[in-house]
Protein chains: 2
Amino acid sequence: MGPRPTGERRTAILGAAAGLFAERGYRGVSIDDLGRAVGTTGPALYRHFPGKQALLGEVLVDISDRLARQGRELVAEAASADGALEALLRGHIAFALDEPSLITVHDRELGNLTEPDRRRVRRLQRGYVEEWVGVLAELRPGASPTVLRAAVHAVFGLLNSTPHSRGELPRPHMAELLLSMGRAALTSPDAAPPAA
Amino acid sequence: MGPRPTGERRTAILGAAAGLFAERGYRGVSIDDLGRAVGTTGPALYRHFPGKQALLGEVLVDISDRLARQGRELVAEAASADGALEALLRGHIAFALDEPSLITVHDRELGNLTEPDRRRVRRLQRGYVEEWVGVLAELRPGASPTVLRAAVHAVFGLLNSTPHSRGELPRPHMAELLLSMGRAALTSPDAAPPAA
DNA sequence: GAGGGATGTTAATGCTCACTAACAACCGTG
DNA sequence: CACGGTTGTTAGTGAGCATTAACATCCCTC
């Protein structure tokens, strides 16, 4: 069987991997499952990737990179801190609604990465979080970065909950709901004083 | 080796299982790991449980049951809808902060249950969610139950994010932060009209 | 103080699975 | 039109793992 023009098989495998990993977990998906999902047998996969772990690594690094890059760009383009926050929220929500599998895999499978891949993903994640924290610090000068970081993680949990409540609401409606909930959560007068 | 007074070995196994499942995932934990964690060998487990899946089932049903029961009680005891919402939030937050492993396992491992166990867990979860929806319906009479359900799921995502941002903040401070964020998210004027 | 049930241990057993080997077909290029 | 590189296929191979079997202790009861 001859090769298709480009590495389209490669990207097909990555797509299938994201979907299957999200659905059954990294360990619940076999090489043969992955092959079957793209119309080949299992071992054909080794013509495109060195192994199963490398596949997961590529998926996770790609997601983290896209989020971090998107965050950087949105903040750079924004005219105000308020605008930046709204852009970050809308961007993250769009991502979560468009790619629920990627979001699911992203915060579930970190532990199955090789150490180098895990480091890369963590670095990218940290950068993304700091983008949010920077914007929030401008909006609420009183709050400590530690509190803001915790708040950002909490809002990620809120936004990333989409895959769990799938299909309950039409997409644009869900997007608006998440936007207003996320904004409310981040801009409420929450900065409790450092506990005694 | 003789038996200890009660089924304390049983509960030790359940505790170890929750911790290990949370850390490495159901499929990433072997029977031998579980035995080792409670000071025995792997197969000893079969004296207390019919198998690995039954173990997971018991853990998940127990969590779901505790949450649902706690929800029912808190709402029944509350003097007002406002009070009920605050109680639900505080109760869920305490649970998430006290038992991060249980929370983690709870929304990750549903797919590894037997069909009957999955049904039981889902029924309990639904009951818990409806408890929240009932309270919210009283506070925001205009909103549709569908929107409220989606909002509740989103807030669960927010509250359950604790295990991800572990140790950043002292516990009481974190509890207050989550409370105010959760309340803000649920009581913001978010009820967008049913999209065109 | 003998017997039995509860609880443990070690040694199979049989399955799944990631990965490798050996071989085949296709395509573009000389 | 032969050749080599690319991408597939089927058939191992060896490891890990859930579960079971066979056997050993211990404690409680009679």
Side-chain angles (χ1 to χ4, degrees), chain A residues 1-60 105 109 111-118, chain B residues 1-60 105 109 111-118:
Chain A
M1 319 250 169
R4 289 301 137 80
T6 78
E8 73 175 37
R9 186 50 58 86
R10 233 187 100 87
T11 61
I13 294 174
L14 286 170
L20 288 174
F21 289 163
E23 196 180 322
R24 305 183 215 159
Y26 176 72
R27 292 218 163 57
V29 178
S30 74
I31 296 288
D32 281 343
D33 291 335
L34 288 165
R36 206 170 306 126
V38 298
T40 71
T41 59
L45 189 146
Y46 291 92
R47 298 295 176 193
H48 305 275
F49 299 93
K52 197 185 168 190
Q53 243 184 348
L55 228 176
L56 179 65
E58 199 145 330
V59 171
L60 281 180
V105 173
E109 305 294 358
N112 287 312
L113 254 45
T114 62
E115 188 50 33
D117 276 344
R118 182 163 32 243
Chain B
M1 318 252 166
R4 289 301 137 79
T6 79
E8 73 175 38
R9 185 51 59 86
R10 235 187 97 88
T11 62
I13 294 175
L14 286 171
L20 289 174
F21 289 163
E23 197 179 323
R24 302 182 217 161
Y26 175 72
R27 290 219 164 61
V29 178
S30 75
I31 296 287
D32 282 342
D33 291 335
L34 288 166
R36 206 171 306 126
V38 298
T40 71
T41 59
L45 189 146
Y46 290 91
R47 300 296 175 190
H48 304 275
F49 299 93
K52 197 185 169 191
Q53 241 183 349
L55 228 176
L56 178 65
E58 200 145 331
V59 171
L60 281 181
V105 172
E109 305 293 0
N112 288 311
L113 253 43
T114 62
E115 187 50 33
D117 276 344
R118 182 163 33 241

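Every chain is numbered from 1, with letters handed out A, B, ... down the list of sequences.
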Given atom [atom1] of [X] and atom [atom2] of [N], what is their separation to the nearest angstrom?
X       : N      : atom1 : atom2 : answer
B/Asp33 : D/dA18 : CG    : C1'   : 12 Å
B/Leu34 : C/dT9  : CG    : P     : 14 Å
B/Arg36 : C/dG8  : CZ    : C1'   : 16 Å
B/Leu45 : D/dC17 : CG    : C1'   : 13 Å
B/Arg27 : C/dT16 : CZ    : P     : 13 Å
A/Arg10 : D/dT7  : CZ    : C1'   : 14 Å
B/Asp32 : C/dA12 : CG    : P     : 16 Å
B/Arg47 : D/dC23 : CZ    : C1'   : 10 Å

Below 4.5 Å, heavy atoms only, C-beta onward: do [X] and [Y] meet side chain to side chain?
X        : Y        : result
B/Gln53  : B/Asp117 : no
A/Leu60  : A/Leu113 : yes
A/Leu55  : A/Pro50  : no
B/Glu109 : B/Val59  : no

Let's see if you can work this out: which of [options] has an atom nearest to the side-chain heavy atoms of [X]?
X       : options                : value
B/Ile31 : D/dA18, D/dA11, D/dT20 : D/dA18
B/Ala44 : D/dG8, C/dG8, D/dA18   : C/dG8
A/Ser30 : D/dA22, C/dA18, D/dA18 : C/dA18
B/Tyr46 : D/dT19, C/dC23, C/dT9  : D/dT19
B/His48 : D/dG8, C/dG8, C/dA18   : C/dG8

What is the nucleic acid contact for [X], judged by heavy atoms within less than 4.0 Å: base, sugar-phosphate only, or nothing?
X       : answer
A/Thr41 : base
A/Val29 : sugar-phosphate
A/Gly42 : nothing

**Prompt:** Among B/Lys52, B/Arg27, B/Arg118, which one satisfies side chain to side chain donor-acceptor pair (under 3.5 Å) with B/Asn112?
**Reply:**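 Exactly one candidate clears the test, B/Arg27.
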
